[in-house]
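Okay, structure first, notes after.
Per chain, numbering begins at 1; letters A, B, ... match sequence-line order. The model shown is predicted, which means the values in this text are computed figures rather than measured ones.
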Number of protein chains: 6
Amino acid sequence: MSDPFFIPPSGADLPRYAGVPTFMRLPYLSPEDPRRAEVELGFFGLPWDGATSNRPGARHGPRALRDASTMIRAMNRATGQTPFAAMQCADLGDVAMSPVDQDEALGNAEAFIAGVVEQGIRPLMVGGDHLCTLTVLRALRAARGEAFGLILLDSHTDLYPPYFGGQTLTHGNPFRQAVTEGLIAPERTVMIGMRGTAYDTEDFDFGHRHGIRIVQIEEFFDRGFGPVMDEARAIVGTAPAYLSFDIDFIDPAYAPGTGTPEVGGPTSFQAIQCVRALRGLDIIGADLVEVSPPFDPSGGTAWLGASVLFELLCVMAPA
Amino acid sequence: MSDPFFIPPSGADLPRYAGVPTFMRLPYLSPEDPRRAEVELGFFGLPWDGATSNRPGARHGPRALRDASTMIRAMNRATGQTPFAAMQCADLGDVAMSPVDQDEALGNAEAFIAGVVEQGIRPLMVGGDHLCTLTVLRALRAARGEAFGLILLDSHTDLYPPYFGGQTLTHGNPFRQAVTEGLIAPERTVMIGMRGTAYDTEDFDFGHRHGIRIVQIEEFFDRGFGPVMDEARAIVGTAPAYLSFDIDFIDPAYAPGTGTPEVGGPTSFQAIQCVRALRGLDIIGADLVEVSPPFDPSGGTAWLGASVLFELLCVMAPA
Amino acid sequence: MSDPFFIPPSGADLPRYAGVPTFMRLPYLSPEDPRRAEVELGFFGLPWDGATSNRPGARHGPRALRDASTMIRAMNRATGQTPFAAMQCADLGDVAMSPVDQDEALGNAEAFIAGVVEQGIRPLMVGGDHLCTLTVLRALRAARGEAFGLILLDSHTDLYPPYFGGQTLTHGNPFRQAVTEGLIAPERTVMIGMRGTAYDTEDFDFGHRHGIRIVQIEEFFDRGFGPVMDEARAIVGTAPAYLSFDIDFIDPAYAPGTGTPEVGGPTSFQAIQCVRALRGLDIIGADLVEVSPPFDPSGGTAWLGASVLFELLCVMAPA
Amino acid sequence: MSDPFFIPPSGADLPRYAGVPTFMRLPYLSPEDPRRAEVELGFFGLPWDGATSNRPGARHGPRALRDASTMIRAMNRATGQTPFAAMQCADLGDVAMSPVDQDEALGNAEAFIAGVVEQGIRPLMVGGDHLCTLTVLRALRAARGEAFGLILLDSHTDLYPPYFGGQTLTHGNPFRQAVTEGLIAPERTVMIGMRGTAYDTEDFDFGHRHGIRIVQIEEFFDRGFGPVMDEARAIVGTAPAYLSFDIDFIDPAYAPGTGTPEVGGPTSFQAIQCVRALRGLDIIGADLVEVSPPFDPSGGTAWLGASVLFELLCVMAPA
Amino acid sequence: MSDPFFIPPSGADLPRYAGVPTFMRLPYLSPEDPRRAEVELGFFGLPWDGATSNRPGARHGPRALRDASTMIRAMNRATGQTPFAAMQCADLGDVAMSPVDQDEALGNAEAFIAGVVEQGIRPLMVGGDHLCTLTVLRALRAARGEAFGLILLDSHTDLYPPYFGGQTLTHGNPFRQAVTEGLIAPERTVMIGMRGTAYDTEDFDFGHRHGIRIVQIEEFFDRGFGPVMDEARAIVGTAPAYLSFDIDFIDPAYAPGTGTPEVGGPTSFQAIQCVRALRGLDIIGADLVEVSPPFDPSGGTAWLGASVLFELLCVMAPA
Amino acid sequence: MSDPFFIPPSGADLPRYAGVPTFMRLPYLSPEDPRRAEVELGFFGLPWDGATSNRPGARHGPRALRDASTMIRAMNRATGQTPFAAMQCADLGDVAMSPVDQDEALGNAEAFIAGVVEQGIRPLMVGGDHLCTLTVLRALRAARGEAFGLILLDSHTDLYPPYFGGQTLTHGNPFRQAVTEGLIAPERTVMIGMRGTAYDTEDFDFGHRHGIRIVQIEEFFDRGFGPVMDEARAIVGTAPAYLSFDIDFIDPAYAPGTGTPEVGGPTSFQAIQCVRALRGLDIIGADLVEVSPPFDPSGGTAWLGASVLFELLCVMAPA
Ligand SMILES: [Mn+2]
Ligand SMILES: [Mn+2]
Ligand SMILES: [Mn+2]
Ligand SMILES: [Mn+2]
Ligand SMILES: [Mn+2]
Ligand SMILES: [Mn+2]
Ligand SMILES: [Mn+2]
Ligand SMILES: [Mn+2]
Ligand SMILES: [Mn+2]
Ligand SMILES: [Mn+2]
Ligand SMILES: [Mn+2]
Ligand SMILES: [Mn+2]
């Protein structure tokens, strides 16, 4: 049972649009704050899009998601969970990442997350573009000493080959890089939702060579989210796994605010059911990435993203 | 067969974007107009959002819905109905409701609706926030002398406990208030579409204590709208019932223009099928509420709302 | 195997947002360009909306679709096709059509398309409002000497009777006109997706009198896109057929940027599956019409339209 | 002193966003209404943009301007005028104009306005594109039997030569046509605000050949609106004159919602001062044209247009 | 010289879009925080619009202004001031104000501000609608024991008579109420920028009866902001004065995001010069009100509002 | 007199919204095109924003400016110039610049521009963020063998010290870098329009140390654009000079679509007069940078940018 310090105020006491916006209205704890030691799960932002090959803007994601997340209430109506009561959560702030210097940016993020992990806080990262995920994977891998499983909900595999004359660190490469660096266990990796056009089959080929299971959207709709997620659970198993959610997994009618939308995706209901289906797994960290506020003028994508963040939180909470 | 006076002009004669916009291009009849005596069903607006706990703007709903509704044509392609020919309809105007004085606002609305009901006109109210519905329920209850059934399509139960230090009249309370005041018969009440986060289970508990049937969205998607609506018809039965449609019932990808959106809802097709499934019931009044134009920059929610209004009209029309 | 001249540059070499935007980043070939003789399939724009009865703006469609289409890559992930490699495609430019003189506009379009067809180039027209399709049908009919089949994906039949005091050439009339002029074979014509309100049944009656198969949206959702498209294939058969795609076929949550949206339509996934189901038919020409950029502030409709254009291309490509 | 029937309700009694929106909240009087005989000045809409060479949408102008104009109150703070009290005004509705048939559209408008003028009502027309003005000029000229002066506030002269292969009736031609038809007296015509790029000097040459005074924007800013308007008053003199206000006269930062914006124009304050400077002239009719709501997503242009309409009204009101 | 704790981080260290957004990136100090005792000037939000007669949304103002204000840097380029170094500033949070209960809302605000004033913190309030100002005036008057001067920059006097059947507490009444309650000294009160339409002259008459100086916009533009502000300084004198800035003072081309815009106002440069002209006066408190984010889709009004807030801060800072 | 090949089509022949959009509807000439040898002035795009410290999106500038520039006509009404007839202009395309690799991006741009300059084509660059200017300056300096003057219209000096831990190549540094590299002659450099907040005075100090003339906005408004530009002409003299136009020079009410707006700037009229005042100088190259389409939802900034581009062209054209 959480200390009251870690319980967000209710909208019936302080209207949901009032107050300094932190993730989920949780307390903000700077790296030096002594109460960080009590935190079990930490939200933090990586406001950076320096690896974006197409439309930028995900650097503004954490700001917009903090704002929208103040609309979230205490209880998950579908599962009955009250995650803030079940584990002590906090907003750990954003990492200072240079928008003009990739090495500096990634280095700062890795150092910050190493500190978070070291304190025994499970990370729930808010991007930023998908390369941000690589910094979390590196920090977790370093701390744990072994590779872990991965569940990716995305319209892209992000296993693409080098881009633009050999660049290996773009938001289309993090999982290829993660396999290469031995961060994730490919045979316990499953990727769901792939669709749209491609330059070639090199990303799929790479994945298949390494034993990654890739579920294209046609299979997803054909079998339904239930059977697909059952298979995903089986692949991941009971060992530790990381959960990465690219907002472009969801159809752009629901989530227009992203840099590389692909039409023909799942509804928000289906997407949320996919997350819920993962309850009980050993999720060691998670993220939501690629929300790009400049392409989300009415804020609907931020609101959907905040709702997804809450579901990620619930799947990481004790049953 | 309606008098030609009550038949809206065709867009093939006067383009749909032309002319002074009344609901469905129907004649506007002020309270003093003698032709009001001939009206069988009356649209009117309650342009008021003074009970809104979160994002305001529903006060602008009637204006936007009048505008969008001029795109509606004569016939319902799916059912073959021509409601304007089947019963004499009119636009009865808006009620003057103070945006800064709740008592004055609700009082004016109740007096206006009492007059409408007294003239034997079935009310089709356009909100405004959901507390506006309470004024219609009160007027109908007073005129009929007994409680009636209720079908609510909404993502919320609006059975919430008092808000912000004891306030019982917010847009989260109308049906709790209606049960307490004996306006509706809880055992003939069904609520469909509930989802999202909650502060606690108090609203559900209240409903269940009084015998209200609540269908959460997971059940809705699991069983399908057909079986759910069959059950709803059985609950309501053949006795008089009121139909209330909160636009936030529909997923925010379809209806972003509302103050308290909840992700993971039905499509507009599914929502419309829910309304159509109620044909043949004894619907004594209906409403569409919570369309908030400031959050609907492209007008899509208003257009969807106008389409829903037409379906509400058809379900109230003679077969 | 296409000449490299006809292969669009990759986004990994030139970012997708860079460069002069042609359809799909294909080479632009003016009517005088000698390489036109090598073209097998030609995109061109009819930037004209002079037959629009309601909200205008489709004249801006080709511009917006060129822009969005530069996001398309080489391969269709679902089918494995690489259409630019399979047949030589080009952007043939736009036709100069007067916005204030319907006769002049249609005449110019017909002359241009006659030239395209004469060169043996299969046309893939980008509108413009739906009356633009009539000019393609006329040119193809003149060149082929006989009527052909038609598949229409639209929320309207566009078989409406004359409008506004006898006007027969509006965007609600092209297929009525096409039947009357003997351009299409009604018994090999199928129309899918019809919904919304109507003035009367005259368009359906006309279609049924001539043997056209009309699939309303309720039937579409009830049976599913697979069986419906199987029937469509059977109706069209192996003889030549034209494929016309009105963007308002898709639900306005997915495609708000159009002049006459009708709620309750298919998702983008379902719409794309409908197109893919037509592989193997003898498609002699196709179009995408009614994308209206002024009603598409966030560009999502243009992006969906570009994705549909790519699917139309793939269904016209060698297997 | 106006009959109370002609006094708009106050926003302190009925909130400004409530009620069926007519121009300035005035009574709507159809052509058959007997109270039309009491009207001294009539607003009406010409919802038509069939002569637009560039971006369409002005057909939606009257709808948007009715909506915005309900924010106007009773008194002009700057001049102290209360025009609704000073003369009896009404909303005469919109003319049915075919969007696909220019002859039919212009003919209907001319017939309608002839009726208005015949009843002794001074016309205040709301467009629609600038060709709509021609129909007012024709009706006034026919009724009066002689040409009259003209004040044009616009960023264009609309004296352009035929367009697109000889078309003489576009929104770039109305005043050239009016001179040619002898509707206006060129030597008592003044045009103010011209700027931007041009194809050539043919429009200026035409104007100068006929004795029209053209004030380019550089001269306007250099001399100031006071001296310029003094000269305008002198040119027009005390004889009857028509006042036409193209919203693109004002800088697009203030009035983005128009089809052919030209940067570098006056502020809204300067524009309004230009109108006020015309008090005391014999203004026989006026209009506001080219407001295009699809390019005015936030409604600011409609609100500015409504404010301009009120100033036009005041300049036509008794002192 | 401020303690480093009170110096906002530089955008060169933490990008301006990163981090939890507080006003000006200042430390957030809750009422219980012991460091509040060190604060000299406190920003706080009154997220409430329950007194709004027209378009609502100002309740969202503090959230949007916190977000935009993180773009503000350390130094005022024009004046050379570095206000955060010159006095210790903080973000004191938002007051919990019920959106559905005016008495409760105003009471909470007054109690909160009384606490702020009691701690010797000069208040810089961020609204909310203009009635919020009344709560600051009441708290300051109670603490000081005597009335003080007022400078109002607004397009309205907010001296209007009761509204909607006698309601005296709307956003059109705060200064009438303040005069009546003896909070402000009318003979040391100046109001600048009035324009637009009015119901009558009652607000001006009331002001003039009490000796308030009202500068209409025509006089403002005619004399220029320099002489007008010189006069304002002379009226206010060296005694304590309050400064209230309604964002609708500025022309809606610059500040569209407000509920009651009036065209024909000053530019942002002129508005800022008006504030700067007040340096050296004894400003005991200030506010910025009526920023309404739902009507500010591109965020420009929030950014302008944040810039105005910084100028208000500078005018309150030691020279 | 230009060859007809280099004359853009008229909107009276091909509507302005039709056709493949190149800059000003000029012919597109790839680097290999033999007609490049005939070009006197070349437009090209640097679609890159990898040096942006705040809000990204300028990478989309060239695309949006090509689109908007098709609205430009042949003649500058104010000056009478017909620049396309006076010198042969072309669209040279965009440079392929990696969004994720600054060295690669800048290198590619420099190589491309070196080729342009080598062919004797005067460059008119379209950004992209302001660091893009550095690549043009380097190429011109290399080709000419000596430093040249600079006129900068911007709200920032872009002389800032290193950013984010020593990064010297951001869009806040190009002119500091240019001075350091000896590309520009500081004593013949003038910067106009500076305003807003700053971290400190280091940029001004650097400029003043090197003899750069900096005109803050207060001086600009106080003296007027005429005297300021006279002084600018005197500073630059008759020797070669480069002209750089950052769209944030203009007030954000006119140009919201940029990443670092500063309120209180000049109008578009004043900005254009500043450019026109430079006629007759020896302008060896020019640019327009920092147009960021994601922050320009209504396209007004792109249209203003296109208008500025035309004025830049005219000031570079023979008298
Ligand atoms: Mn991804
Ligand atoms: Mn992705
Ligand atoms: Mn509700
Ligand atoms: Mn609800
Ligand atoms: Mn169609
Ligand atoms: Mn259609
Ligand atoms: Mn005009
Ligand atoms: Mn014009
Ligand atoms: Mn005010
Ligand atoms: Mn005000
Ligand atoms: Mn710059
Ligand atoms: Mn700048």
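At a threshold of 4.0 Å, the pair A/R59-A/D129 does not count as salt-bridged, since none of the basic side-chain nitrogens sits closer than that to a carboxylate oxygen.
A side-chain donor-acceptor contact under 3.5 Å links A/H130 and A/D154. Side-chain atoms of E/D91 and E/T22 form no donor-acceptor pair, as typed in the model, at a separation below 3.5 Å.
Ranking A/A18, A/P62, A/P9 against chain E, the residue ahead of the rest is A/A18, based on heavy-atom pairs under 4.5 Å.
At a 4.5 Å heavy-atom cutoff, the contact between E/Y28 and chain A is made by side-chain atoms alone. With a 4.5 angstrom heavy-atom cutoff, E/P15 touches chain A only via side-chain atoms. Within the 4.5 angstrom heavy-atom criterion, only side-chain atoms of E/T70, from C-beta onward, approach chain A. Using a 4.5 Å cut-off between heavy atoms, A/N108 makes no contact with chain E at all.
Scanning for ring pair (Phe, Tyr, Trp, His ring centres under 6.0 Å) contacts around A/F44 gives A/F112, with sequence neighbours left out.
Cation-pi check for E/R66 over E/F23 is met; the charged atom lies under 6.0 angstrom from the ring centroid and within 45 degrees of its normal.
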